[in-house]
Number of protein chains: 2
Amino acid sequence: MNHKTVSLADQVFERLENDILLGKYPRGSYLTEHALVEDLGVSRTPIRESLRRLEQEHIIEVSSRGILVLGVTLDDLADIYAMRLQLEPMVVARAAAVATDEEIAELRETLELQQYYVGRHDSDRIKFMDSKFHELLYRASHSTVFYDTLLPLHKKVQKFRKASVENESRADRSFAEHRAILSAIEARDADAAYAAMQAHVENAKMHIVK
Amino acid sequence: MNHKTVSLADQVFERLENDILLGKYPRGSYLTEHALVEDLGVSRTPIRESLRRLEQEHIIEVSSRGILVLGVTLDDLADIYAMRLQLEPMVVARAAAVATDEEIAELRETLELQQYYVGRHDSDRIKFMDSKFHELLYRASHSTVFYDTLLPLHKKVQKFRKASVENESRADRSFAEHRAILSAIEARDADAAYAAMQAHVENAKMHIVK
DNA sequence: TCGTGTATAATTGTATACAAAGATACAGAA
DNA sequence: TTCTGTATCTTTGTATACAATTATACACGA
């Protein structure tokens, strides 16, 4: 396991990013550094360093009035899926070509867990495994650029995926689509991986954006 | 004009990002916060806030040893063009549909300046106008997501575009391609804009990645 | 020569003090 | 009532002090 101590700044960033992307703070509401100091129990320094990163992701905006929560809108959602539809097939095609056996094994484990939780109707963990599967795919492309571009897009969809994973038939089909993607990668078939991912993103888009 | 005072943290970020993306610090070299304090004449606070952002862009990496410069590699370059080829045509098609007359006028002005500097063989300013043209296109799509995704990709190519703009025949053709894109947008022809941008990115890719 | 342990120095991480800009509340005049 | 000016408070921006971890240099022994 990874015992590396992670800085307060990183912890604060992860927590704030998650809270904002899950919609815990409504769009248009204001936070202040002082309030975050109270809530999180750390000084302003790590909080400010987090805010700079959140600002760069355009999910907050800082002014003399305070910290404006932007979050992710439905318009953003549509644009995100438009981009993912263009990009993810290319990325998995690459992954099919260059992924290591270890990476493929990890994808397989994640998919098995997803299947398990689908059977249990545990939507929180389904969502987590779904996220992990995509993240592993990005990483398996061995491209920092692909990873850095797609991971933020995927994270921003979080809030909207909730209904999707709670729908049983969609959860089943989503699992099947993931399995098709993994099979193509296991077979080192880049074209099949491309097609499988294209179908998967199209279906996810239809189901979420509607 | 914009007289808004910009924070030291923002100034430091812009300067460091530029220096790194232009290759001023070689990949693999180390900086320290202390050295930057000396060089830039500001305290560690704004410098650290900049570093967190650069870290997020994966162009530096901070450890107990110091600040490792990553910059942009040739592999990154190829992946960036692969992504831009997928994304930019879609973005200009959108821009053709939604850009305001003011935005189109600004594109026209930028293009005229590009023509002027091409005539003068002023490669620095050609490069600047080229960047500005693309940035205006992203903005004219009226999509924060498109803008946030494409602008970093475009900025990372900076260093490699130098040879391109210094090549007279490529500079001429690049200008002509820009004009084709703008004409399509002026005509509100999304399909033509899509095709023109696709051709432009393909040509740029061939010329730069080779 | 090579390794090892230790002291020192260098570096980042965090907290806090102070500065500056701006928002807010309120009194008073038209 | 409505507007305006002013004092105060709130909020972010910056610098600095201190803590903790890690790298480095060097002496010493095998």
Side-chain angles (χ1 to χ4, degrees), chain A residues 1-20 24-71 144 148, chain B residues 1-20 24-71 144 148:
Chain A
M1 282 309 261
N2 186 3
H3 282 260
K4 177 179 62 178
T5 67
V6 61
S7 71
L8 290 181
D10 284 346
Q11 293 176 49
V12 168
F13 173 74
E14 298 236 335
R15 165 146 179 201
L16 288 179
E17 188 194 37
N18 232 272
D19 286 351
I20 292 169
K24 180 171 165 184
Y25 306 111
R27 177 178 173 87
S29 66
Y30 277 92
L31 304 172
T32 67
E33 293 177 3
H34 179 67
L36 292 172
V37 165
E38 302 273 298
D39 285 358
L40 307 181
V42 301
S43 79
R44 284 177 64 209
T45 305
I47 287 173
R48 284 180 61 82
E49 291 183 4
S50 302
L51 294 178
R52 294 293 88 78
R53 297 169 65 186
L54 298 170
E55 215 170 18
Q56 182 135 325
E57 290 184 338
H58 272 83
I59 62 178
I60 65 167
E61 226 176 71
V62 176
S63 71
S64 59
R65 175 116 177 259
I67 300 153
L68 175 62
V69 177
L70 298 178
T144 313
D148 288 347
Chain B
M1 280 309 260
N2 186 1
H3 282 259
K4 178 181 62 180
T5 66
V6 60
S7 69
L8 290 181
D10 285 346
Q11 293 175 49
V12 168
F13 172 75
E14 298 237 333
R15 165 145 179 200
L16 287 179
E17 188 194 37
N18 232 272
D19 286 350
I20 292 170
K24 181 171 166 183
Y25 307 110
R27 177 178 173 86
S29 65
Y30 277 92
L31 304 171
T32 67
E33 293 177 5
H34 179 68
L36 293 172
V37 165
E38 303 273 298
D39 286 358
L40 307 180
V42 301
S43 78
R44 284 177 63 208
T45 304
I47 287 173
R48 284 181 60 82
E49 292 184 3
S50 303
L51 294 179
R52 293 294 87 78
R53 296 170 65 186
L54 298 169
E55 214 170 18
Q56 182 135 325
E57 291 184 338
H58 272 83
I59 63 179
I60 65 167
E61 226 176 70
V62 175
S63 71
S64 59
R65 175 116 178 258
I67 301 154
L68 175 62
V69 176
L70 298 177
T144 313
D148 289 347

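Throughout, protein chains are lettered first and strands after them, A, B, ... in sequence-line order, and every chain is numbered starting at 1. Note: hydrogens, waters and symmetry copies are ignored here, and every other heavy atom, side chains too, is used.
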>> Is any side-chain heavy atom of B:Leu68 closer than 4.5 Å to one of B:Val62?
In response: no
>> If you compare every side-chain N and O of A:Arg52 against the phosphate oxygens of D:dG13 (OP1, OP2), does one of them come in below 4.0 Å?
In response: yes
>> So, OP1 or OP2 of C:dA23: does either fall under 4.0 Å of a side-chain N or O from A:Ser64?
In response: yes
> Can you check the B:Leu36 CG to C:dA10 P distance for me, whole Å?
Replying inline: 17 Å
>> Per the side chain to side chain donor-acceptor pair (under 3.5 Å) rule, what does the pair list look like for residues 61-70 of chain B, sequence neighbours excluded?
In response: none
Mind listing the side-chain donor-acceptor pairs of residues 24-31 of chain B below 3.5 Å, one per line with the distance, residues two or more places apart or on another chain?
| from | atom 1 | to | atom 2 | distance (Å) |
| --- | --- | --- | --- | --- |
| B:Arg27 | NH1 | B:Leu70 | O | 2.8 |
| B:Ser29 | OG | B:Pro26 | O | 2.7 |

> Taking atom P of C:dT14 as reference, at what distance in whole Å does atom CD of A:Glu33 sit?
Replying inline: 16 Å
> Is any side-chain N or O of A:Arg44 closer than 4.0 Å to OP1 or OP2 of C:dA15?
Replying inline: no
> So does B:Thr45 reach the base of D:dA15 with its side chain, donor to acceptor, closer than 3.5 Å?
Replying inline: yes
>> Tell me the interatomic distance from A:His34, atom NE2, to C:dC18, atom P, rounded to whole angstroms.
In response: 18 Å
>> Rounded to whole Å, please give me the gap between CD1 in B:Ile67 and P in C:dT11.
In response: 10 Å
>> In this structure, how many angstroms lie between the C1' atom of D:dG13 and the CG atom of A:Leu51, rounded?
In response: 13 Å
> Taking the nucleotide of DNA chain C with the closest heavy atom to each, which residue, A:Val42 or B:Gly66, is nearer the 5' end?
Replying inline: B:Gly66
> Hey, does B:Gln11 have a side-chain heavy atom less than 4.5 Å from the side chain of B:Val42?
Replying inline: no
> Rounded to whole angstroms, how far apart are CD on A:Glu49 and P on C:dT14?
Replying inline: 7 Å
> Once you round it to whole Å, what is the distance between C1' of D:dA23 and CG of B:Leu68?
Replying inline: 15 Å
>> So if I take every side-chain heavy atom of B:Arg65 and compare against D:dA15, C:dG13, D:dT24, which nucleotide ends up nearest?
In response: D:dT24
> Does B:Glu55 reach the side chain of A:Arg53, with side-chain heavy atoms less than 4.5 Å apart?
Replying inline: no
> Separation of A:Ile47 atom CD1 from D:dG13 atom P, in whole Å?
Replying inline: 14 Å
